[in-house]
Amino acid sequence: MLTWVENLFYAVFLGQIFLLSYYFPQKILSRMRYVLESYPPSIYPKLYPKPVEYYRIGQSVFKVINQFIFLLGFLILLAMLFLVDHGNFADDGFISEAWPAAYGMIQFLPLAALELLEFSQFKLMRKANLATRRKAELRRRGLFGFVSPTIFGLAVVLYLTAVLLDVFAHRSDGLAMWLTGGILFMAAVGAWNLYGRKMNPHQAIDDRAKQIAANLNSLLYISMVMSAFFIMAVADEIFDLDFLDAILMSVYFQVIMILSIGHVLRNLKLEDIDFDVYKNRTATT
Amino acid sequence: MQIVVDIDAPEPLFAQLISRIKKAVLAGQLGPGDPLPSIRQLANDLELNSKTVAKAYRLLERDLVVQTRGYRGTFIHPDAKANSGVDLNAWVATRLSETVAEFRESGVTDSEIRIAFSNVLNDSSK
């Protein structure tokens, strides 16, 4: 007989399977299809530094990998329900958070691969770009031109709370260090977004500003969720709520997905992007 | 407000940056106190070497078109509009033309002029 905790975990884990391996991959595939159909290489050649078949194959590979991971999620769920003795996988006899964590990392792999391919795509675009005129905005970009100071302040407060809680109320086993490392990494990514080199040589200035705003806000929300998760993890130990760890871990992965990919998809609508920059005319980058 | 440079143009890139910024000031698109992008930001956006942008900013500061306020960055000078109309290079060319013409009238040869000019430059830089 399953306890209410296990029932809740399986429901939440089902959500993780659907959200990360079905819903968001479908959204991404739908965007890919829309771009390929609405902005063909015959009219927008600068968007396709490689033959269009390469992108169609990539789309299919992305779809198949996500379908496989989706099925894997159900297999893991069945294994947890019927085959696994939970006592062997968690000290406290409950479901170990390693299950949703390991599966979550697998679910993020296709998205990470897509990000890396995007870098490669932009590199090819820069190589193929023969335009000699270069354009830039004569306006200084600053963090608070893109994110709310209030939200930023809240993120700082959450981080400091997590660190203080770990140091003073916990056995301080390095959680604060991990959190700080993660936050610093995201700060570096944020700085690179703000001041770094323009990856897409053809991107319109307004579109770049929208992308910077979407990325910076996404990073900020993720850092808040990371801090909140650490606070809850410490609180779980202090108040003996370890049985909720697996549920929290699954929720954590889902929230990260909603705030990263989901936030960017919601805020960077394809209809608002200037695709004319990819047409074949003597252009300014 | 956008700035455009042409990497294939005969005019050096730092000179293009200087002239574009001065034109923007004269046209009223940049006003006193307006912040300019940091050297790194502008260099990355235009895919230029940061030394090129730094040189442009340094010469604009010399011409009192911009002013640097340490870590706070670079801003348009309060008197930028009046100073943007001054072209130091054109002034040098005019004065040199007049001086060279005077020397030639006095019978000094071109090679003597070149040697003297070079010596004066070397001596004054020591």
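The residue among B/L30, B/D8, B/I21, B/L48 with the most heavy atom pairs within less than 4.5 Å of chain A is B/D8. Each of B/P35, B/S38, B/A24 has some count of heavy-atom pairs under 4.5 Å with chain A, and the biggest count is that of B/P35. For the options A/E137, A/R141, A/R139, heavy-atom pairs under 4.5 Å to chain B are most numerous at A/R141.
Annotation for A/F185: atom CZ does not count as buried by contact number, only 12 or fewer foreign heavy atoms lying within 6.0 Å. For CZ of B/R40, the number of neighbouring non-hydrogen atoms (other residues, nucleotides, ligands) closer than 6.0 Å is 12 at most.
Using a 4.5 Å cut-off between heavy atoms, B/L36 touches chain A through backbone and side chain atoms alike.
For A/Y39 and A/Y278, the ring centers are positioned 6.0 Å apart or more.
Within the 4.5 Å cutoff, the side chain of A/F230 has no heavy atoms near those of the A/D166 side chain.
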